[in-house]
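Quick note on labels: first sequence line is chain A, next is B, and so on, each numbered from 1.
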There are 2 protein chains.
Amino acid sequence: MVKVKIDERAEQRILAAAKKIFLSKGLDGARMQDIADEAGINKALLHYYFRSKDKLFETIFMEVAKHFLPRVSEIFESGKPLFDKIELFCETYIQQMKETPYLPLFILGEATRRPETFVKKVFGNRKPPVHLFVAQVQQEIKSGNIKPVHPLQLLIDILSMCVFPFMARPMLEHVAGINKKQFDAFIEERKKLVPEMIIASLKNN
Amino acid sequence: MVKVKIDERAEQRILAAAKKIFLSKGLDGARMQDIADEAGINKALLHYYFRSKDKLFETIFMEVAKHFLPRVSEIFESGKPLFDKIELFCETYIQQMKETPYLPLFILGEATRRPETFVKKVFGNRKPPVHLFVAQVQQEIKSGNIKPVHPLQLLIDILSMCVFPFMARPMLEHVAGINKKQFDAFIEERKKLVPEMIIASLKNN
DNA sequence: GTCTATATTCCGATAGAC
DNA sequence: GTCTATCGGAATATAGAC
């Protein structure tokens, strides 16, 4: 009884430590020793629980990858009006990136270096239903409710503005001369500004 | 005479090889053997010319980092009208990223993992004159020529939409189901669409 | 300058005591 | 399950012949 509890706690501590180290250093830059130190246990125990570095990495990758497309399906499949979906999308994304700021660089870095394995790991067999978003945009255009735009370009515009600032954070802090607190305020402001700008660009005069 | 020529060519081949390998694999993922193979020479020669892996990396990083802020100073310092600057900025950035698509992930990845050393390496002591852009935007707002916006948010909006698609390429190709040719067309289209959208969002009714 | 061979360091993985 | 000690391979770096 007590033993099981301790084991579980060790395993959980390893997972938390591995997540932190892999996210910040990447697969190649991470050391098993770093993870062991972070978890407060011995290197050998990592292998006891997860057999190899690759296995441990895969476990972490699968676990965090799903947060990179947070609730996208849910949002796209909801019956909400387009502008509501855009607002919710931005809010959801920016909030998720605030909680896991290393995530985009980690996922896209590994996806670029290992494109073949990436696809299956992140998406399994289910892709997010982009076509639903595309169809809705086309419908609104046909109805004359918004200006004619390329739906996919629009989606990438939104995604770019929500995610990129977190990836460019060190550059941004230096070039613009802002500190961490100001960065947080800057990001918080974007939750409103990004959807406002997108929606403004879609509206007819 | 001949010797010098051969030496120079070896050194140049090493630099080209190192650039390719470091950009695609990062510092941690790159192997000296990979670089030697790519350059068609022996591992020992890398150390003869550049002493260590770190030194070689630093050489490459300094050389490519400047392309990450392509002609930004030049554009900001030009006397052009704001909308012209925005168009030129987008055109310049997207063109640069087309030529070196690995660059943003490489620079921002290394910048995140090694923030302390990054700043000096990329910028030296000279930051791009963001304040000029900010001042010009504020001036246009005061004159009533554009809607009131936060200049820095605007700048990040533009930068995000120009750079992010290249970083998200593998995801984009899979989720949207497009191939390399279609991606190129998609990107080419953005050279027009991004400044159009930005400018549209700035115009008063 | 360029190579082969080797030294050195580092790191993932395992063996075995407790 | 957890530890210490160690193995074995891989990667950086150097020595030395040509």
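Less than 4.0 Å separates DNA chain C from no heavy atom of any residue of residues 16-29 of chain A.
For the ring-ring contact (aromatic ring centres under 6.0 Å, His included) condition, no pair includes a residue of residues 149-172 of chain A, sequence neighbours left out.
Whole-Å rounding puts the B:Asn42 CG to D:dT12 C1' distance at 13 Å. B:Asp34 has its CG atom 14 Å from the P atom of D:dA10, to the nearest Å. Counting to the nearest Å, the P atom of D:dT2 and the CD1 atom of A:Ile14 are 8 Å from each other. Regarding B:Asp37, its CG atom lies at a distance of 16 Å from the P atom of C:dT2, rounded to whole Å. The distance between atom CG of B:Leu45 and atom P of D:dA15, rounded to the nearest whole Å, is 16 Å. Rounded to whole angstrom, the span from the CG atom of A:Leu46 across to the P atom of C:dA15 amounts to 17 Å.
Classified by interplanar angle (parallel below 30°, tilted 30° to 60°, perpendicular above 60°), the ring pair A:Phe186/A:Phe183 is parallel. Between B:Tyr93 and B:Phe68, the ring planes are perpendicular. Angles over 60° get that label, and only those under 30° would be called parallel.
A donor-acceptor pair shorter than 3.5 Å cannot be found between the side chains of A:Gln95 and A:Glu91.
A:Tyr49 has a side-chain polar atom (N or O) that falls below the 4.0 Å cut-off from OP1 or OP2 of D:dT2.
Aromatic ring centroids of B:Phe57 and B:Phe22 lie under 6.0 Å apart.
Of the possible donor and acceptor atoms, one in the side chain of A:Arg113 sits under 3.5 Å from a partner among the backbone N and O of B:Ser24. Between the side chain of A:Asn42 and the main chain of A:Leu45, no donor-acceptor pair closer than 3.5 Å is present.
Nucleic acid contact class of A:Ile41 (heavy atoms, under 4.0 Å, all strands): sugar-phosphate only.
Here the closest non-hydrogen pair linking B:Lys80 and B:Leu88 is CE-CD2, 3.8 Å. Counting all heavy atoms, side chain and backbone alike, B:Gln138 lies closest to B:Pro151 at CG-CG, 4.0 Å.
Out of D:dC3, D:dT2, C:dT4, the shortest distance to the side chain of A:Tyr48 is found at D:dT2.
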(Q) So if I define the base as every atom that isn't primed, P, OP1 or OP2, how would nucleotides 8-13 of chain C read as a B/S/- string at a heavy-atom cutoff under 4.0 Å? (A) ---SBB
